[in-house]
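All figures in this text were calculated on a predicted structure; none of them were measured in a lab. Naming convention: chains lettered A, B, ... in sequence-line order (proteins, then strands); numbering from 1 in each chain.
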There are 2 protein chains.
Amino acid sequence: MARAATTSDAFNAIAEPQRRDILALLRAGERPVTDLAQELGMSQPQASKHLRVLREVGLVQVRGAGRQRLYGLDARRLRPVHEWVGGFERFWNESFDRLDSYVQDLKQAQQEE
Amino acid sequence: MARAATTSDAFNAIAEPQRRDILALLRAGERPVTDLAQELGMSQPQASKHLRVLREVGLVQVRGAGRQRLYGLDARRLRPVHEWVGGFERFWNESFDRLDSYVQDLKQAQQEE
DNA sequence: TTGACGTATGCCGATATGGGCATATGATGT
DNA sequence: ACATCATATGCCCATATCGGCATACGTCAA
């Protein structure tokens, strides 16, 4: 069944590096498509496609301005992501000396074989 | 060129819901494959495959324990993810009244046409 | 209207994905 | 050596992905 549609949730949307770049750029403010494409070194169609995904998951809002379409950040859907990942915070802070030393032991054991 | 290999980074690894479930379960401690598979209602091969991905991106560590293989969480690679997403925090807190009201205006404008 | 600009879409190709299934591999106990 | 339990792999399928390219669409100016 292949991967869940990229368009389904924020986790999938930000799995793509170029889309992360777009979002990062948009923190500076709204931008037209061509602008983004150029700045990120991608073709205009590619930019449009990525923006479409971002729009569909609600990470971005569009606004028509003359012949241009200004895309703006809508980060609200990133909050659940942040919270989910944050649920692991204590695991990368606390108690990884244990894991680390365990991994070290493992490596040593392997070398000694 | 299709999507960047799922195996390439944590962002891709956690884009898959089942893998997120696995990681969440592992917060409770190490677990053998079959255990995880059963608890999450997936086949053993599927569990093994997801675990492989997680292992390859370094989100999980394995340890042989008799005939079993105990998988344990290694959340360190989630930290960069958390930080990247955290970079948008002010955008989902501050200044979204603006966006909200803007969106409202938009909808109204469309209805009135 | 016509043309120019900005953007979205459709189609194609190459590749990656996740799931099912059968089976190979590994370790254990007899 | 052998049967058994626990996992990992390989193969196949259906589908989704991203990229390139051509082109349709929408808006504005002359």
Can you tell me the distance, in whole Å, between the [atom1] atom of [X] and the [atom2] atom of [N]?
| X | N | atom1 | atom2 | value |
| --- | --- | --- | --- | --- |
| A/Leu70 | C/dC5 | CG | P | 19 Å |
| A/Glu39 | C/dG6 | CD | C1' | 18 Å |
| B/Gln18 | C/dG20 | CD | C1' | 13 Å |
| A/Met42 | C/dG6 | CE | C1' | 16 Å |
| B/Asp35 | D/dT7 | CG | P | 8 Å |
| A/Gln38 | C/dT7 | CD | C1' | 15 Å |
| B/Gln68 | D/dC5 | CD | C1' | 9 Å |
| B/Leu36 | D/dA8 | CG | C1' | 15 Å |

Original post:
When you match A/Arg67 and A/Arg55 each to their closest nucleotide on DNA chain C, which lands nearer the 5' end?
Top reply: A/Arg67
Original post:
Relative to the 5' end of DNA chain C, which residue comes earlier, A/Arg31 or B/Ser43, by the nucleotide with the nearest heavy atom?
Top reply: A/Arg31
Subject >> Of the listed nucleotides D/dG19, C/dT7, D/dT7, the one nearest the side chain of A/Pro32 >> reply: C/dT7
Original post:
If you check every side-chain atom of A/Pro45, which of C/dT7, D/dA6, C/dT9 has the closest atom?
Top reply: C/dT9
Original post:
How do A/Lys49 and A/Gly66 order along DNA chain D: which one's closest nucleotide is nearer the 5' end?
Top reply: A/Lys49
Original post:
Using the ring of each side chain (for Trp, its six-membered ring), is B/His82 parallel, tilted or perpendicular to A/His82, with breaks at 30° and 60°?
Top reply: parallel
Subject >> Charged N-O contact under 4.0 Å between B/Arg20 and B/Glu16 >> reply: no
Original post:
Salt bridge between B/Arg79 and A/Glu89, side-chain N to carboxylate O under 4.0 Å?
Top reply: no
Would you say [N] has OP1 or OP2 under 4.0 Å from some side-chain N or O of [X]?
| X | N | result |
| --- | --- | --- |
| B/His50 | C/dT17 | no |
| B/Gln44 | C/dG20 | no |
| A/Arg52 | C/dA8 | no |
| B/Tyr71 | D/dA8 | yes |
| A/Gln46 | D/dG19 | yes |

Original post:
If you draw the axis of the six-membered ring of B/Tyr71, does the NZ or CZ of B/Arg55 fall within 45° of it and under 6.0 Å from the ring centre?
Top reply: no
Original post:
Is a side-chain N or O of A/Arg77 found less than 3.5 angstrom from the main chain of A/Asp9, in a donor-acceptor match?
Top reply: no
